[in-house]
Amino acid sequence: MAETNGKFDFAIDRGGTFTDVFARLPDGRERVLKLLSHDPQNYRDAPTEGIRRVLEEETGQSFARDQPLDTSQIGWIRMGTTVATNALLERQGERTALLVTHGFRDLLHIGTQARPALFDLEVCMPEVLYEEVIEVEERVILRQDSCQLPRNEPKRIVKGSTGESLEVWQELDLQRVEQDLRRVQSKGISSLAVLLLHSYTWAAHEKAVGSLAKRLGFTQVSLSSEVMPMVRAVPRGYTVCADAYLTPKIHLYLTEFSEGFKGGLKDVDVLFMQSDGGLTPMEQFCGSRAVLSGPAGGVVGYAVTCYGFMEKKPIIGFDMGGTSTDVSRYAGQYEHVFEATISGITLQAPQLDISTVAAGGGSRLFFRSGMFVVGPESAGAHPGPACYRKGGPLTVTDANLALGRLLPSFFPKIFGPGENEPLSTEETMKHFRTLTKEINQYLSTNQSSSSAAGGHHSEMSVEDVAMGFISVANEAMCRPIRALTQAKGHDTSEHVLACFGGAGGQHACAIARALGMKTVFIHKYSGVLSAYGLALADVVEEVQEPCSLKYEAGSYSKLDSRIEQLSQRCDQILCKRGFSSSQINIEVFLHLRYEGTDCALMITAAGHPRNAHSCMSGDFRTAFTKRYLKEFGFTITDRPIMVDDIRVRGSGKSGIRSKVQPKAGQKSPRPIKMTQCYFEDRYLETSVYLWEDLYCDHSIQGPAIIIDKNSTILVEPACVAHLTEDGDVCIDVGTGTQQCVLGTELNAIQLSIFSHRFMSIAEQMGRVLQRTSISTNIKERLDFSCAVFGPDGGLVSNAPHIPVHLGAMQETVQFQIKTAGGSMQEGDVILSNHPCAGGSHLPDLTVITPVFRDGMRAPVFFVASRGHHADIGGITPGSMPPHSTCLQQEGAVFTSFKLVTGGVFQEKAVTEALMAPAQYPGCSGTRNLRDNLSDLRAQVAANQRGCQLVGELIASYGLEVVQAYMGYIQSNAELAVRDMLKDFARRRRHETGSLEVEAEDQMDDGTRIRLKVQIDEQQGSAVFDFTGTGTEVWGNCNAPRAITFSALIYCLRCMVGQDIPLNQGCLAPVKVIIPSGSILQPSQNAAVVGGNVLTSQRVVDVIFKAFQVCAASQGCMNNISFGSEKSGYYETVAGGAGAGPTWNRRSGVHTHMTNTRITDPEILESRYPVILEQFSLLPGSGGAGLYRGGDGVTRKLRFRSPVVLSVLTERRSTQPYGLHGGKNGAPGLNLLHKMDGRVLNLGAKNTISLDPGDMFSLFTPGGGGYGSVDEQDGDHQLPSKRRCL
């Protein structure tokens, strides 16, 4: 189908800045062209202009710009475009209204309830894509055999596409819907997104609403059941909104594009690239599948060109652009994800797995508190880097220019205000000289750490500084590659680095070497590879249906029947598009998971043919268990495998074959010039070659530079570049002769690199834990943290997981060193959760592994992981009892328990310990032993990964160097906190003349938390004195000492206001006084479960109040649990955030000491005996003020069978404070609606047995307002801060 002999074929990638054109000419020659995407003075549309230029230059005919192009000589056009991406990023889509099930108008605003940046007090989040909401009076629920709801009248029973039965709880009120539709239509809105609960399986109500809307004249009606029929209402809702918001913009562009051609392109085969890497006809191109249209072409490009040439070695795609770098992986199959977040919007659609890091050629360079920092801020196209002559800042591009790696004479003269000047080396060097002077002044006055280590500071040169920033940028780009490979069980070093994009060639050798890769592959069209990939891609037709069958013999016939129907549908559609049967390939995928888990994998049976124990499409069971074992490290043999979705992907083979003949040369390659390039610590003579002058048998020894029209390739020393038969560049990456000779003296560049490496270790531990765990709490709600500690137990790096864990784990590790340090052996792993041992509360189990080194008796580092286990016994299911009065009532207790001894997991002993609470009156042992054991093994595996990575770091640099930089990183965090305290002290002294601040607040029972802070301006230190805080309480709001340290380190990090290493150095300038016997340092056996989740929030409120940082947030985690002796469910619920001196606060979000996700409504109702009747914001609950506090939420749960409900909350009798005249936020409220009509106030803390039909209503607190405002002016509303991520 792709062969159109005698005609011009075009593949075009329309990017945000440039449009790339690949053209295959009638005689088989190939051309590439690059032009600006926006140049309104010269042309209306860049792709059309690119086609016009090629036709004009190749045919000699004149084609007027203002006239439609003749299409008689055009065979096909294939396009990738950022139209949808840019509209999403800039929030320039179509005005849209959302129709959603009644009670859920704010469901997509709340989302998962987690905030994207832990330490951003403003809680900047992208706004929703719709501007109006219509709540539809309708409701369907899944039938449950165990349901005991009383029936006043029978409900209509319907059958879903998954085979599940549903009850129509409330019939659709179309008359009301019509009235509401006419109302939004009168406001000029013509695009609709429809999201009704459980429509993924039963779509009749959505289809009825859609038909009505089309009859009324709405031009775009997107139904969630059609856009992506997958369970989970929140991501499906985001996806359907994106479709309604973006599709009209795409259609508008397609119309304008078609008008540039005679006949509107009716006789031309026009295909567009989708996010999944497949082409689709122009008329079917839609918003929800277009967001990764551009990057997808690049993935196809390197996958097709590189994988076969490299003898089918797995490939890492490395696409480095101006503002960011995209990385992806290909190993014979495209790796898809079905949920990805782009610009804050979670899209539930098949898309290539592409990870983006904010480090590109335009990433800005900073020196902050002794560290080299690259990005995430970007110089953009305007003003661009300093060398663009438009007053821009220093960037990565400038660093390469300063080092001689970019040669201005080979760049077009398009820079400067008149866009007619060359790149300016002078401007770059001027900026670098200024920055270098600042760095040297800083280093010369901050040498205490270096002197202590015996080091001596020597001044850095401009080249040293520029090289330092390049090294830091390279390390930043290595992190997502490690995550993409190692986090999924792949060895990074076994991959080939396929580099494309304008900036990647300058960094490819260094990155490959850092990751242990041996080969870099750069295609001859690397500068326009996304466009070339479009020419190589297949036309794809994909269909998907939800399913709820078990993968077992009794279901195979049903699965086979549905697979056959979907396969025939794909085949028929592709045949209609002109493909023969021999060109069509059908792939079948099943979305599989173990019953009772939430981690589903999209599985193909390729390589696993059918057998007597499988369905007709292949042995999916074997394929699933092998993939699960590789990714997660275990399988769950005693659980059934569930089929969530059936997906069939049909591909029409349509990629071109290159007809360009390779050219061979007899002579050795000759450089066109020699230049000086800086590498590591010196300048080296470097050969410069033009790519077009090289032949397929040439080899080039590094150092060298290879230049073509669209990119520059740096061949580093000890590397050799070869030209392949097709004219591509393949680089053998040598290890280099220079081994690591880093000393223990402080090097500011290496400080930044080590900071990245230590944080990467903690992050990779977290990914292993999430992958290998089994419980919803850890795997889905992400209630865990991982960290690295020094030999003294001091925190080195803590991945930003859960704030309440931040400082607490350090106390746990240090307790183990004091009590069991001498007895620790290699192969031992310790389990602890006791409050006296640094525990937060008992469900948070901490697993600690010492890292040993050959020849050393004591551990050289420690790694630890803390995870919240759903149940560890005690008096109530979920181990979060509201009325516990002693520690034993809250579950199993571990002080210093050997979980692993000599490498052997002590399953029997830990099982006995987990069941031990049953010996206490009214208590039970753990109610979920299987998940406990699985999650503990996952924590051990995460620690093992941490040990391995620490060992690799030591092997690379030596133990003394690694431990020295551990100390420097901690000192760097200390310095940042001291600078913050000095700055605050100066302002405080100027305003009040005092260096003392104080504040107090109280718990709902009246217990006071009092704080007085005395600041030393000279030293940048402070004493935090909690004297006067109330005594230990008869209840469970007592907070172990470690909780206060967690709250304090969180607050200090927030107040610093910049990205600093999170470690024990943050607490070094601080002395903390906590009175013994108080609520913040209770006795050894005091109940503490509420202290972790409630009192911690109040401590944060008091600290921020003392420093006048912002008004109080909701001050609660709203802990809700219900269940029986067989199973249980636990959640924490969002509320309002407090306003600050320049911002209104976010509504319906988790704040401060927690950031866990909430279960999707459809998952909640499918797995538990509950109906979620409402989940929305609580208007007016945020405090008024110059800047308004965020609103809390309303959440109503109706129970379908008898359960025990536990609520553990705060801020029910006290209010979140406002600041500087701002009003307080509203308190929360817990109500129980009994079936007999009574409404009961449950108070802040309670446990109660519920009957079927009873409903629990949760109203969470709002945040306080900031600043006074007189009544006539009303609240100050800032312009909407639609943060485009």
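Heavy atoms only: backbone and side chains are in, while hydrogens, waters and symmetry mates are out.
- Between the side chains of Arg482 and Gln764, no donor-acceptor pair is found at a separation under 3.5 Å.
- A heavy-atom distance below 4.5 Å is found between the side chains of Leu566 and Glu545.
- Judged by distance alone, the side chain of Thr247 and the main-chain N or O of Gly287 form a donor-acceptor pair under 3.5 Å.
- In summary, Glu542 and Arg647 engage in a salt bridge, as defined by a charged side-chain N under 4.0 Å from a carboxylate O.
- Salt-bridge check for Asp644 with Arg593: passed, with a basic side-chain N closer than 4.0 Å to an acidic carboxylate O.
- Without hydrogens or angle criteria, Thr201 side chain to Ser161 main chain gives a donor-acceptor distance under 3.5 Å.
- Arg1157 has no carboxylate O lying under 4.0 Å from a charged side-chain N of Asp783, or vice versa, which leaves the two without a salt bridge.
- The pair Glu335-Arg329 meets the salt-bridge criterion, with a side-chain N (NZ, NE, NH1 or NH2) lying under 4.0 Å from an Asp/Glu carboxylate O.
- Between Glu541 and Arg569, no side-chain nitrogen of the basic residue sits less than 4.0 Å from a carboxylate oxygen of the acidic one, so the salt-bridge criterion is not met.
- The shortest distance between side-chain heavy atoms of Ile641 and Phe624 falls below 4.5 Å.
- Here the side chain of Ser288 pairs no donor or acceptor atom with the backbone of Thr239 at under 3.5 angstrom.
- Contact check for Phe521 versus Asp728: side-chain heavy atoms found under the 4.5 Å cut-off.
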